[in-house]
Peer 1: 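Before I ask anything, here is the structure I am working with.
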Amino acid sequence: MTTAVAPSIDLADLAFWRRPPGERHEAFARLRQLEHPVFFEERRIPLLRSGKGFYALVRHADVTEASRNAKVFSSEPAVTSPEPPGWVKHVFGESMVNMDDPRHARLRRIVSRAFSPRMLGDLQGGIERAAARIVDDVVAHGPGDFVSQVAARLPIHVICDMMGIPDEARAKVHEHVDVSTAYTGVRPSLVRSVRMAGQNMLALLALQRLVIRLGRERAEDPRKDLVSALVTANVDGERLSWRELGSFFALLLVAGNETARNTMAHGVKLLTDNPAQRELLLSDFDAHIGGAIEEMVRYVSPIMQFRRTVTQDYDLRGLHLRPGDKVVLFYGAANRDETVFDEPDRFDITRKPNPHVGFGGPGPHFCLGANLARQEIRTMFRELYTRLPGLRAEGEPELLLSNFDNSVRSQRFAF
Ligand code: HEM
């Protein structure tokens, strides 16, 4: 149900996410004009979703206010939509993205070691070699699908490198990740939804088991990799439990894989559709790639939404929220807010400032992997456009139906 002001828009209905992106942006623009955030009712599906309904935050100011104010806008019990039922965390353990401080702060403190400038510096050589191999294969194989030949290959490779996953286990990791990312929470039929959710859970459990086994080995015989660092105590005596290690690996694969790959796939299409921007980027790659990546993340908003639960009475732009109310932060809508971005529908790699919320709003959950994502995209695009300057997307991307990931299933390309 929506208010009478925007009766044709229902963000809780799968049909909305089937509409072409341009139409969705028009709908969000209409919602941004309304005086208050609008409430959307959700259907309850037994075993799969709890369905309480939510207020949609679509203005940049509202998304940043909720992100900043994590005491009122809690990430517990979960930030995904539809909200998973309570039993899920008993099976999988909990992920830091679904926690509040102090539990969240403790985990973030431990795992942030993986994302320090020194650790990211150590990864650079591996990222360069992987990007070069991917382009070697593209040259050998010829044009085809940009997602499977390029975008899908790098992020998962980097996460495995980071964790120190041995080569022989990587094929299994790829297989489980493919299954676990095929389910996006929105599926046409209930039966299909339940079947895919089941497969997704088994794949996630297998990934967790794999890394826990590795963690036990590394605890006995530590190496220089992240798993060793996470299972052996740091200076403050902090380390991850086995269950936390499993949940963290699953989170990295879910958070760090699709997002970076979708940014690259949409990015190639954006640079093809905006030849002047492409020319500008190639005229001085180092000067413009930073701005280009931020603009891709703003324009694409690879994660379209995250949810929060209100913990206390609070007034948000005249709307009175009560404990237990849900709000959903629509990053894609905030990133096109005309009061913050001039001509928000224009792709402009020189946009400055560019205070997008594609990596989340300012607050404790701001994307831990933002710098790693930037590093991957920069390295991949440098390799691609240096060796294949004629690289271009062909035709339209095949998008995956999702209310969460702005996901590209395939994108033809040529060079
Ligand atoms: C373009 C690529 C990416 C985008 C757009 C993106 C987006 C986001 C967003 C919007 C959040 C905020 C969650 C919230 O507020 O509840 C987030 C959190 C997170 N991201 Fe990313 N992400 C990207 C790449 C990555 C990569 C490469 C990794 C790691 C390999 C990663 C790891 C994480 C983690 C661990 C969190 C949870 C942080 C916390 O709860 O404290 N992300 N990301």
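These numbers come from the heavy atoms of this one structure, side chains and all, not from hydrogens, waters or symmetry mates.
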Peer 1: Of all residues at least two apart in sequence or in a different chain, which pass the side chain to side chain donor-acceptor pair (under 3.5 Å) check with R387?
Peer 2: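 Side chain to side chain donor-acceptor pair (under 3.5 Å) list for R387, sorted by chain: D136, E383.
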Peer 1: Can you find a pair of side-chain heavy atoms, one from V297 and one from T259, that are under 4.5 Å apart?
Peer 2: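 They are not in contact (no side-chain heavy atoms under 4.5 Å apart), so the answer is no.
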Peer 1: Which pair of heavy atoms, one from L245 and one from I212, lies closest together, and at what distance?
Peer 2: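 For L245 versus I212, the nearest heavy atoms are CD2-CA, 4.3 Å.
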Peer 1: Mind checking what makes side chain to side chain donor-acceptor pair (under 3.5 Å) contact with N406, not counting sequence neighbours?
Peer 2: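 Applying side chain to side chain donor-acceptor pair (under 3.5 Å) to N406 gives H266.
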Peer 1: Kindly write out the residues that satisfy side chain to side chain contact (heavy atoms under 4.5 Å, CB included) with T309, not counting sequence neighbours, or none if the list is empty.
Peer 2: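 P77, E83, K326.
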Peer 1: Do P143 and F415 have side chains that approach each other closer than 4.5 Å (heavy atoms only, starting at C-beta)?
Peer 2: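 Yes; the side chains approach each other to less than 4.5 Å.
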Peer 1: Please identify each residue that fulfils side chain to side chain contact (heavy atoms under 4.5 Å, CB included) with F16, with sequence neighbours left out.
Peer 2: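 Testing F16 for side chain to side chain contact (heavy atoms under 4.5 Å, CB included), a comparison that skips the adjacent residues, returns I9, L11, R19, R24, A27, F28.
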Peer 1: Any carboxylate oxygen within less than 4.0 angstrom of a Lys/Arg side-chain nitrogen, looking at R118 and D122?
Peer 2: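 A salt bridge links R118 with D122.
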Peer 1: Applying salt bridge (charged side-chain N to carboxylate O under 4.0 Å, His left out), which residue pairs with at least one partner in residues 55-70 are found, sequence neighbours left out?
Peer 2: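 Non-adjacent pairs meeting salt bridge (charged side-chain N to carboxylate O under 4.0 Å, His left out): D62-R317.
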Peer 1: Please name the pair of heavy atoms, one in M119 and one in A114, separated by the smallest distance, quoted to 0.1 Å.
Peer 2: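 Of all heavy-atom pairs spanning M119 and A114, the closest is CB-O, 3.4 Å.
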Peer 1: Which salt bridge (charged side-chain N to carboxylate O under 4.0 Å, His left out) pairs, counting each pair once, include a residue from residues 348-377, with sequence neighbours left out?
Peer 2: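 Passing the test, one end in residues 348-377: E294-R374, E295-R351, R346-D348.
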Peer 1: Please check if the side chain of K172 supplies one atom and the backbone of A206 the other of a donor-acceptor pair under 3.5 Å.
Peer 2: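 Not at all, since once roles are kept as given, no pair shorter than 3.5 Å links the two residues.
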Peer 1: Using atom types as modelled and distance alone, determine if a side-chain donor or acceptor of Y55 lies under 3.5 Å from a backbone N or O of V328.
Peer 2: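 Side chain of Y55 to backbone of V328, a donor-acceptor pair under 3.5 Å: no, none is there.
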Peer 1: Can you pull the side chain to side chain donor-acceptor pair (under 3.5 Å) pairs that have at least one residue in residues 278-292, sequence neighbours excluded?
Peer 2: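 The answer is D286-R382.
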Peer 1: Does the distance from a Lys or Arg side-chain N to an Asp or Glu carboxylate O, for E244 and R106, drop under 4.0 Å?
Peer 2: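 A salt bridge is present here (some side-chain N lies under 4.0 Å from a carboxylate O).
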Peer 1: Quick one: does L401's side chain get under 4.5 Å of R18's, heavy atoms only?
Peer 2: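 In short, these two side chains touch, coming nearer than 4.5 Å.
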Peer 1: So, for W242 and A219, which heavy atoms are closest and what is the spacing to 0.1 Å?
Peer 2: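 Shortest heavy-atom separation between W242 and A219 comes out as CH2-CB, 3.9 Å.
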Peer 1: Output yes when a side-chain donor or acceptor of Q277 lies under 3.5 Å from a complementary backbone atom of I349, and no otherwise.
Peer 2: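 Yes, because the side chain of Q277 sits within donor-acceptor range (under 3.5 Å) of the backbone of I349.
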Peer 1: Does R108 reach the main-chain N or O of D101 with its side chain, forming a donor-acceptor pair under 3.5 Å?
Peer 2: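 No, R108 side chain to D101 backbone: no donor-acceptor pair under 3.5 Å.
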Peer 1: Under 3.5 Å, is there a donor-acceptor pair between the side chain of R336 and the main chain of H25?
Peer 2: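 No, R336 side chain to H25 backbone: no donor-acceptor pair under 3.5 Å.
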Peer 1: Could you give me the CA-CA distance, side-chain angles and deciding distance for S402 and D405, then say whether side chain to side chain donor-acceptor pair (under 3.5 Å) is met?
Peer 2: CA-CA 6 Å; S402 169; D405 278 316; 5.1 Å; no
Peer 1: Answer yes or no: is there a donor N or O on one side and an acceptor on the other, between the side chain of H60 and the main chain of P355, under 3.5 Å?
Peer 2: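 Here the side-chain-to-backbone pair exists.
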Peer 1: Cut-off 3.5 Å, no hydrogens considered: what does the side-chain donor-acceptor table look like for residues 157-164, sequence neighbours left out?
Peer 2:
{"residue": "H157", "atom": "NE2", "partner": "D161", "partner atom": "OD2", "Å": "3.4"}
{"residue": "D161", "atom": "OD1", "partner": "R170", "partner atom": "NH1", "Å": "3.2"}
{"residue": "D161", "atom": "OD1", "partner": "R170", "partner atom": "NH2", "Å": "3.0"}

Peer 1: For L282 and P389, work out which heavy atoms get closest and say how close.
Peer 2: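 Heavy atoms only, the tightest pair is CD1-O, 4.1 Å.
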Peer 1: Would you check if the side chain of T379 reaches a backbone N or O of Q375 as a donor-acceptor pair within less than 3.5 Å?
Peer 2: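 Confirmed, T379 side chain pairs with Q375 backbone.
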Peer 1: Could I get the full list of side chain to side chain contact (heavy atoms under 4.5 Å, CB included) partners for E26, not counting sequence neighbours?
Peer 2: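 In terms of side chain to side chain contact (heavy atoms under 4.5 Å, CB included), with neighbours along the sequence ignored, E26 is linked to no residue.
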Peer 1: For R308 and S75, run side chain to side chain contact (heavy atoms under 4.5 Å, CB included): C-alpha distance rounded to whole Å, both residues' side-chain angles, the deciding distance at 0.1 Å, then the answer.
Peer 2: CA-CA 5 Å; R308 299 291 192 258; S75 292; 3.6 Å; yes
Peer 1: Could you check if a side-chain atom of V268 sits within less than 4.5 angstrom of a side-chain atom of V150, using non-hydrogen atoms only?
Peer 2: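 Not in contact.
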Peer 1: Of all residues at least two apart in sequence or in a different chain, which pass the side chain to side chain contact (heavy atoms under 4.5 Å, CB included) check with P166?
Peer 2: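 Checked P166 against side chain to side chain contact (heavy atoms under 4.5 Å, CB included); matches are E168, A169, L214.
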Peer 1: Is the ring centre of F359 less than 6.0 Å from the ring centre of Y331?
Peer 2: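 No: the rings miss the under 6.0 Å criterion.
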Peer 1: Not counting sequence neighbours, which residues clear side chain to side chain donor-acceptor pair (under 3.5 Å) with S112? List them please.
Peer 2: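 In terms of side chain to side chain donor-acceptor pair (under 3.5 Å), with neighbours along the sequence ignored, S112 is linked to no residue.
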Peer 1: Among pairs that include at least one residue of residues 198-220, which meet salt bridge (charged side-chain N to carboxylate O under 4.0 Å, His left out), considering only residues two or more places apart or in two chains?
Peer 2: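 Sorted pair list: R218-D225.
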Peer 1: Between L107 and F248, does the side chain to side chain contact (heavy atoms under 4.5 Å, CB included) criterion hold? Intermediate values first, please.
Peer 2: CA-CA 9 Å; L107 281 181; F248 179 60; over 6 Å; no
Peer 1: Begin with the C-alpha distance, continue with both residues' side-chain angles, and end with the deciding distance and a verdict on ring-ring contact (aromatic ring centres under 6.0 Å, His included) for F381 and F285.
Peer 2: CA-CA 9 Å; F381 275 39; F285 186 88; 7.9 Å; no
Peer 1: Under 3.5 Å, side chain of R103 to main-chain N/O of D100, donor-acceptor pair present?
Peer 2: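 A pair under 3.5 Å: no.
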Peer 1: Given 3.5 Å as the limit, does a donor-acceptor pair link the side chain of N335 with the main chain of Y299, or not?
Peer 2: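 Not confirmed, N335 side chain does not pair with Y299 backbone.
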Peer 1: Quick one: does E41's side chain have a donor or acceptor within less than 3.5 Å of a partner on K52's backbone?
Peer 2: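 Checking the backbone N and O of K52 against the side chain of E41, no donor-acceptor pair under 3.5 Å is found.
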